[in-house]
Amino acid sequence: MITPYKHENTLFKLALGISLLLWLLLVIGTFGFVLLYGLFGFLVYLFAQSAFISHLKGSGVRITPGQYPDLHRQLIACCQKIDLQEVPEMYLLRTDFFNALATRFLGRNFIVLFSEVVDSLETRPAAVNFYIGHELGHLHRKHLQWQWLLWPASILPLLGAALRRAQEYTCDRYGVACCAAGEDIKAAIAAIAAGNSRWKTLNTDAYLQQISESSGFWMSFNELTNDYPWLSKRMASALALSRGEEITHPSRHWGAKLLALVVPRFGVGGSGSVLVTIAMIGILAAVALPAYQDYMKRADVTAALVDAVPVRTALVDFYNENLDWPTPVLSEIGYANDDPLQAVSGKYTIDIFEDGVIGIDVSVLFGGSGQFVILTPTVGSGEIEWKCTSQNIEANYLPSNCR
């Protein structure tokens with residue numbers, strides 16, 4: 001059985017007691033209207049989370065015995081080590097982030113491994129177990145299931161962030177339990193700190209010496225108001241745990257503790273006051289729908305780029321065979337007619353132009369005209385490279401490689 005981080009249970013009990021009291025005061029003080037706001041908040045969460053889970057299932061790669069069996073074996077082994085009976089679904093997802101996450105949706109657990117993690121640790125695949133174990137820890141400790149009940153206390157100064165940091169330390173212990181060697185632990189955390197390839201040459205001793213600077217005022221303050229401990233501390237704690245040793249980090253600056261005491265988590269003004277809580281929910285209601293609509297536009301633009309992949313492949317095949325680009329009609333590259341390809345959703349069309357350029361008309365998404373995502377080929381030495389640009393589309397609606 002994995003023992004949680006020394007402060008987690010104490011902080012959890014304190015947060016639970018405060019949260020129950022605050023929920024009771026909110027219900028009585030608002031004559032029950034806070035429950036209506038809670039219902040609205042749940043609906044916002046439902047739609048937002050459903051969008052992510054749908055994207056995960058539609059675009060991510062589910063890890064199964066037949067799909068990346070090595071990662072699936074690592075998942076099963078980690079579940080057995082921590083005695084987690086219900087094995088969650090695990091997906092591989094391509095993002096611009098270097099991390100992993102655990103999430104829930106309507107009672108089902110999910111783990112997401114970002115492809116950057118798996119790719120960068122290709123030479124040390126066992127280090128991925130640390131990420132898997134860490135996320136399984138969140139599920140095994142039921143951190144996600146308690147977060148709604150603990151929400152009132154989670155915004156309080158010091159307490160909310162302290163509990164989250166303790167949970168991270170606890171989940172690192174699960175990651176350690178899933179790793180067979182200290183070098184795997186070191187590689188896993190080094191990859192977050194130093195990046196995809198530089199982690200291999202990280203001087204661990206020098207990195208851990210940076211912990212001595214964490215007792216200063218600003219580093220203390222920013223850690224006390226942060227949900228995550230400094231990575232250097234996490235590495236030191238994890239490596240010490242793998243060796244069966246205890247470790248004590250430098251104490252934080254007393255002045256930083258005093259300042260952090262008046263800085264609520266999430267940046268709200270007032271230590272969990274009812275008025276601020278209602279204001280936050282009101283702001284959420286005002287921005288949720290537009291934010292969701294923007295998300296769907298970004299998803300549609302990404303879907304259009306995915307649908308253009310077969311056209312791009314056909315163009316490359318034509319060029320490799322003829323050493324020239326086709327006349328700008330789709331029938332030249334094997335399509336049934338010359339009409340632009342229509343998306344099933346009706347939200348965009350795909351056509352080709354001179355010199356192998358692909359134009360994706362997404363004007364319908366934005367209620368205008370002349371709004372295109374453009375893929376332009378460049379013939380290099382034995383390889384054709386594609387550059388993604390846009391015409392009359394705001395950057396925030398585009399994938400990072402098209403901005």
Side-chain angles (χ1 to χ4, degrees), residues 1-12 70-71 73-84 98-100 102 111 113 117-118 120-141 143 162-195 197-215 219-220 223 226-252:
M1 183 176 178
I2 297 172
T3 305
Y5 180 66
K6 57 185 177 181
H7 298 313
E8 184 184 348
N9 286 338
T10 301
L11 290 169
F12 172 79
D70 55 329
L71 292 175
R73 287 192 295 269
Q74 289 175 256
L75 171 64
I76 298 300
C78 286
C79 287
Q80 292 172 346
K81 285 182 179 179
I82 68 172
D83 195 26
L84 184 64
F98 194 103
N99 215 324
I111 288 178
L113 287 179
V117 170
V118 179
S120 67
L121 294 171
E122 185 177 11
T123 58
R124 196 167 193 95
V128 177
N129 284 340
F130 183 84
Y131 293 83
I132 296 174
H134 181 99
E135 302 309 330
L136 288 175
H138 284 301
L139 301 179
H140 192 253
R141 294 288 299 174
H143 291 158
L163 177 58
R164 280 291 295 116
R165 290 194 304 275
Q167 290 173 345
E168 290 300 311
Y169 274 126
T170 293
C171 290
D172 280 351
R173 295 184 170 208
Y174 281 79
V176 169
C178 289
C179 286
E183 290 300 313
D184 296 332
I185 300 166
K186 188 188 303 182
I189 300 179
I192 305 177
S197 58
R198 287 285 180 175
W199 69 265
K200 299 174 185 177
T201 56
L202 179 73
N203 184 326
T204 304
D205 292 335
Y207 184 58
L208 296 181
Q209 286 176 8
Q210 294 176 204
I211 297 174
S212 62
E213 301 177 19
S214 65
S215 60
M219 285 195 69
S220 297
E223 187 178 27
N226 200 324
D227 286 358
Y228 295 89
W230 300 127
L231 271 176
S232 52
K233 286 186 175 181
R234 289 177 60 186
M235 180 183 283
S237 296
L239 290 176
L241 183 64
S242 70
R243 297 190 294 262
E245 301 172 357
E246 291 289 335
I247 188 170
T248 302
H249 295 305
S251 59
R252 299 188 182 99

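These numbers were taken from a predicted model, which means no experiment stands behind them.
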For Met219 and Glu213: C-alpha separation, side-chain torsions, deciding distance, then whether side-chain contact (heavy atoms from CB on, under 4.5 Å) applies. CA-CA 8 Å; Met219 285 195 69; Glu213 301 177 19; 4.0 Å; yes
Do Glu223 and His249 pass the side-chain contact (heavy atoms from CB on, under 4.5 Å) test, and can you show the C-alpha distance, the side-chain angles, and the key distance before you say yes or no? CA-CA 13 Å; Glu223 187 178 27; His249 295 305; over 6 Å; no
If you apply the rule side-chain contact (heavy atoms from CB on, under 4.5 Å), what do you find for Lys233 with Gln210, and how did you get there? CA-CA 9 Å; Lys233 286 186 175 181; Gln210 294 176 204; over 6 Å; no
N/O donor-acceptor pairs under 3.5 Å from side chains in residues 185-192, not counting sequence neighbours:
from: Lys186; atom 1: NZ; to: Glu183; atom 2: OE2; distance (Å): 3.1

Using residues 1-8 as the side-chain source, report each donor-acceptor pair under 3.5 Å to any protein atom, sequence neighbours left out, with the distance given to one decimal.
from: Glu8; atom 1: OE1; to: Thr170; atom 2: OG1; distance (Å): 2.4
from: Glu8; atom 1: OE2; to: His143; atom 2: NE2; distance (Å): 2.7

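Considering only heavy atoms from C-beta on, Glu168 stays 4.5 Å or farther from Asp227 through its side chain. Within the 4.5 Å cutoff, side-chain heavy atoms of Leu113 are placed close to those of Tyr131. Counting heavy atoms from C-beta on, the side chains of Leu136 and Leu75 come closer than 4.5 Å. The side-chain heavy atoms of Ile111 and Leu139, taken from C-beta on, include a pair separated by under 4.5 Å.
For Glu245, the CD atom counts as densely surrounded, since its 6.0 Å shell holds more than 12 non-hydrogen atoms of other residues, nucleotides or ligands.
Geometrically, Arg164 engages Tyr228 in a cation-pi contact defined by less than 6.0 Å to the ring centre and at most 45° from the axis.
Summarising the geometry of Ser120 relative to Trp199, their closest heavy-atom pair is O-NE1, 3.1 Å, with the distance given to 0.1 Å. Across every non-hydrogen atom of His138 and Ala102, the tightest pair is CB-CB, 4.3 Å. Taking each heavy atom of Leu208 and Ser232 in turn, the nearest pair found is CD2-O, 3.5 Å.
Panel note: side chain Ser220, backbone Ser214; a donor-acceptor pair is recorded below 3.5 Å.
The structure places CD of Gln74 at 9.5 Å from SG of Cys179, a figure rounded to the nearest 0.5 Å.
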